[in-house]
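First comes the structure, then the notes that go with it.
Worth saying up front: this structure is predicted, and the values here are computed from it rather than measured. Just so we're on the same page: letters track the sequence lines, and every chain starts at 1.
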Amino acid sequence: MATSVTLEDALSNVDLLEDIALPDQQPCIEPPPASIVYQANFDTNFEDRTAFVTGIAKFMEEATVHAKLNEMLEEGDEYAVMLYTWRSCSRAIPSIKSNEQPNRVEIYEKTVEVLEPEVTKLVNFMYFQKRAVDWFCEEIKRLCHQERRRDFVSEAHLLTLGKFINMFAVLDALKNMKSSVKNDYAQYRRAAGFLKKMADPQSIQESQNLSMVLANHDKITNTLKEKLETIPGYEEILADVINICLTYLDTRMYVTPEEKHVLFKVMGFGLYLMDGSQSNIYKLDSKKRISLSKIDKYFKQLQVVTLFGDMQIPLYSYITKSPHYEENKSRWTCTATNNSPSYNILEQLQPIREEHTKYISELARHSNEVVTTAQKDSPRTDEENKELCDLALRGVQLLSSWTVQLMELYSWKLVHPTDNFSNKDCPKEAEEYERATRYNYDTDEKFAFVEVIAMIKGLQLLMSRMESVFNEAIRRNIYADLQDFVQIVLREPLRQTVKKKKTLIKSILTSIRDTCVDWMRGMEPTDDPCLKGEKDPKSGYQIHVPRRNVGPSSTQLYMVRTMLESLIADRGGPSSKKTLRKEMDGMALTSLDGFHKQSFFYTHLLNFSETLQKCCDLSQLWFREFYLELTMGQRIQTDGGDGSSEVRLKAFKPQFPIEMSMPWILTDHILETKEPSMMEYVLYPLDLYNDSAHYALTKFRKQFLYDEVEAEVNLCFDQFVYKLSDQIFTYYKAQAASIMLDKRFRAECAQHGIQIPYPPANRYETLLKQRHVQILGRSVDLNRLITQRISTAMQKSLDVAIGRFESGDLTGIVELECLTEVNRLTHKLLSEHVSLMDFEAMFREANHNVSAPYGRITLHVFWELNYDFLPNYCYNNSTNRFVRAVFPLSQEVNRERAPPNTPQDVYGTKVLNNAYGHIYNLYTGFVGSPHFRAISHLLGYQGIAVVMEELLKIIKSLIQGSIRQYVKTLMDSMPKICKLPRFDYGSPAVLEYYYAQLQDIINYPELKTEVFQSFREVGNAVLFCLLCEQSLSQEEVRDLLHAAPFQNIIPRQYVKEGEKPEAKMKKLEQKYQALQVTSVIEKLGTPQQAAIAREGDLLTKERLCCGLSMFEIILTRIKTFLEDQIWHGPPPANGVMNIDECTEFHRLWSAMQIVYCMPVGENEFTVEQCFGDSLNWAGCLMTILLGQQRRFEALDFAYHILKINKADLKDDVIKGVNLRRMCDRIRKFQILNTQIFATVNKYMKSGDADSLPVEHVRCFQPPIHQSLASSC
Amino acid sequence: MAGGRDTGSAVQRQIQQDWANREYIEVITASIKKITDFLNAFDMSCRSRLAMLNEKLTSLERRIEYIEARVTKGETLT
């Protein structure tokens, strides 16, 4: 690679990157996604201090001490982490049961082997704490020296001492709390002692010391206190430290939450250290050295602070522990247990919201400016830079205050767990941690928590997007401020000091200047009048201060601030009355003060990304080592629905179930409440896991903690996706069902006070657009996961719909159709957000109709027809409906049980299920046109064809089987001849005649059961076909009408006088030409498309135009079943027709008609009740098909009785039969028969004059005279 | 006095040089930061588009499977 790229090119290349458009179509509802994080840290920890030769030597020294202290603090932090994350090893080591145990030595050896590295750490910790205490006391001693005391101690130094105090407090508390550390060490000692590992006196001593350190409560604190009390005047330094903390709190001189809490802890622990045998804080207070009332106020406001992780400390405990507390009890108010208003997050929420809105809008203005003016040529002005810098600072401060708000509430809640009395949901045996988290927040608090988290994370994202802009503005602004200060502002004080010959101040001022000044020409202008103490010339003196995009280095900043502070400080004990401050001019002081104050935040701003991250860090919401230690041993996790293998693992690795874990509590709360305004925040609480995992990896550096976070995330995320997709599906299902629900039904219900609510709108769209959710460094396509689950749910609900139909009788088809439509609408609504398979395809799959020719629905329809509908339903010719017979003649049918389902598998919610249940209950009592419409929709041509084919088979088997058999039997018992008696006999006599003639038939036992049943089945089958065809025809007509406009079919028009119909039609055709599918496609499409269009057009047109009728075919087919001799009997002897002979089917039917026309007794069922009109349909149909209709009508016995009775109007009771009532019945059946004949004939087209079969007319030869015959 | 001024100006020059050096580092850092931001944005954008593509492919695959099942009518395709 010989080509070299210049810096300019490289930089402009980088700038060009901004121009590349990188669209990302997902709404941003998650924290900043970062596959790569870049953070530069230029903190040198004073390594470069020697370079600043112009600085004052004293502060150089201090910097050296500082560096050392910082290193120790860092080390202390590591030990704190070690103690906090300590998990008991000894628990896992097998215990030794008896001294005779053979593997005893081995166990001891292994114990030592395993525990040794850990114990080494503990030994190091012991030395460290000793060293740190010594060092700290040494430093205090140095500062307390009589001579030194007069001098000024810098804020930075005091703060570092404060951090030391904090470190001691933390380490000691952690050591006290962790009994597992002690146990592990005891186990190690036992094993090592057995193996004689510690033989030399030195190591025995060491081990002894370590045991003491570990075993003694508050060992570090006590040693520290003892040692401090030997130093005279130590309380003065501590008082300074406490005062500086107080000042910082007063003036809000802190940024990150941790900084704030350290100040509190230092005050508390500092007071404790100060109150002892040598000094008394109450005396110091009365000397006005410290202000206890102010501290009390702060402690009252913030009662609990985080000590480390989930370990909290109530601040007043430091006070109550101190020796002089008892006699001064009354001076403290913070010890009383009252709730501070700062713990009421609900009250804090409104101001937070307002701050958020205000800040966000301000930020938006700037970010828009950045976007639109990114390419502007001139760099930002100083004012703009300043504005952005201020904005950045305010942003992080806001974020920090919100984080503080949350964390403080969390801390407080941890210290104040709930119980069964305050929260009824909390069971008595609830775990300690559970009482502190799970049951400790009410709904509103959880929502507030989520909302604040969302605000924090949302603003963090917005700010980190602007990070580059902020960074540049911050650096430019700080540079400008600093250089303006040292080059211009400092001129005036310099002039003053030169004039008044104050050499010390002058040397400090020059030193400040020289440490960080960046002269325009590389050196100080020698002609500056202020250096000589002279006034500026009238024309003014110009200094051009350069501008750069860089801030001061950490050491530089420290030097400048410390030296500046030494000028303006007014701190110090009674021994240091004389300060430099008093010698300074008032004006100059204000400007120096101002700069000193504002430069405090430079460090934070220069490390903007780190500060931002610290201010938004909520990782501690997950860590619970303290509570695990508390509950250790008491609990071996067995609940949570985990598998048995999980339980075994957890016995070694106890961890709380996710229900107690804050991130999941919050996430789950949103999911459970389905609160629409919170739904879009649902990913934020999940992000807490990212924070925690990041913390576990970078701060704790513990693999097992990360693993536990990861395991929890795996579990939670599965739950999350499961619950969410379930919810989304239910939501859309309920929406679809609500849309489909009959409006009038809904209105009626409302009138009766029953509300069927529409599902409240929810914001799932945004969640459904998430295609890369970042969690633990993985990118999850949420949309895809939800799509998978939803399509399973969709498939299941179709399956359930069909399953429900299969579990019931034929009437369920109407509900099935409705359910299908609801599902279709659900599918349509969902398809806007997720990509699902075609509804038709899904439906076919559920119907098992993808590769099989007919599906579950068709099969069940047929099954129902065969086993339930044909044998059990009665047709009513006037309502065109079938109803179930009063008593079933066939055995009870066993259907499959309905598949198990939840409300969302059906209509979405229980209310909707109920409403639809009521509506469709109305369709369960009959089978009529709605059912046939549903059947024709759901079965389609193919399904109907199959069903009819099968029905024909049934009809065939009935006709050629049982009916034929019965007919044969019955024919034999028919009288050979049965005449139509003359009118003169009178109707009673005629009835009596028939009664006598047909005795055998009437008394045939199976007639009214088996025989009629067979006929009813045939009738039902035929009627089913007829009604199906009718409803199918309606569909077809509708189709045709819908298709008509596209097929150039224009309805006939009304023509006014003088208008030509042809012309008008032509005009209309012209008008609608653009609608005609075939011609349009021929014009615009490919030949292939045109051909398809033509064929489609033809298919639609031809469907009905030739009047194809299924029913006619069916009739013809049935006719072929009736070829047996039995139906016709032998040809008539007279060659024309049988009149009195009973050989044909219609005669038998007449006999049956007599039977069913007989009126029944009071508690008997009529034939119609048992068999319906289907019976007549079967009889009449067969009569027609056999061509015996006319003979039947002419020669029927019952008709004959009716005719005679009409004439003589007689009434009598013959053999228990009431003649009048019988005639009534005959008349009704006659009408019915006529209707049936008419209907069937319509289909048979036998009424058509043109198609009257000629061969039915028999031609007789005219008689021939014998004479003629012989001549032929 | 003259010697003092010389060392003084020498230090001043060094300090200025230091400012310049650090500004250079700052520029490079800012550029790296921009590259980082770009890479992150690129990552997100790619993921989003790949997810879309994946979705389309999945649905096509499903369609093919379905059509295959429709046309085979019981027997399996060889």
Is there a donor-acceptor pair under 3.5 Å between the side chain of B:S45 and the backbone N or O of A:P23?
yes

Looking at A:Q26 and B:S48, would you say the former's side chain and the latter's main chain have a donor-acceptor pair under 3.5 Å?
no

Toward chain B: residues of residues 472-480 of chain A with heavy atoms under 4.5 Å:
A:R475, A:Y479

Do A:S835 and B:K56 make a side-chain contact, defined as non-hydrogen atoms from C-beta onward lying under 4.5 Å apart?
no

Max heavy-atom pairs within cutoff under 4.5 Å with chain A, candidates B:V27, B:I25, B:T36, B:D18, goes to B:T36

In Å and rounded to the nearest 0.5 Å, what is the OG1 to CD distance from A:T54 to B:Q14?
10.0 Å

Check against side-chain hydrogen bond (donor to acceptor under 3.5 Å, both in side chains), B:D43 and A:S35
CA-CA 8 Å; B:D43 180 34; A:S35 305; 2.3 Å; yes

Would you compute the distance between atom OG of B:S31 and atom CG of A:L7 and round it to the nearest 0.5 angstrom?
7.5 Å

Flag the pair A:D15 and B:K34 as a salt bridge only when some basic side-chain nitrogen lies within less than 4.0 angstrom of an acidic carboxylate oxygen.
yes

Measuring heavy-atom distances to chain A, does B:S59 have an atom under 4.5 Å in its side chain, in its backbone, in both, or in neither?
side chain

Out of A:R771, A:R784, A:R465, A:Q774, which one racks up the most heavy-atom pairs below 4.5 Å with chain B?
A:R771

Measuring only between side-chain heavy atoms, which start at C-beta, is B:R70 closer than 4.5 Å to A:R844?
yes

Would you say B:E23's side chain and A:R548's backbone share a donor-acceptor pair under 3.5 angstrom?
no

Counting N and O atoms only, with roles assigned by atom type, does the side chain of B:Q12 sit under 3.5 Å from a partner on the main chain of A:E524, one being a donor and the other an acceptor?
yes

Output yes when a side-chain donor or acceptor of B:W19 lies under 3.5 Å from a complementary backbone atom of A:W519, and no otherwise.
no

Would you kindly say whether B:R22 and A:Q556 are connected by a side-chain donor-acceptor distance under 3.5 Å?
yes

Is the backbone of B:I15 close enough, under 3.5 Å, to the side chain of A:D518 for a donor and an acceptor to pair up by distance?
no

Straight-line distance of A:L17 CG to B:F42 CZ, nearest 0.5 Å:
10.5 Å

For the OH atom of B:Y66 and the CD atom of A:E840, what is their distance to the nearest 0.5 Å?
7.5 Å

Could you check whether B:R63 pairs with A:D838 (Lys NZ or Arg NE/NH1/NH2 to Asp/Glu carboxylate O, under 4.0 Å)?
yes

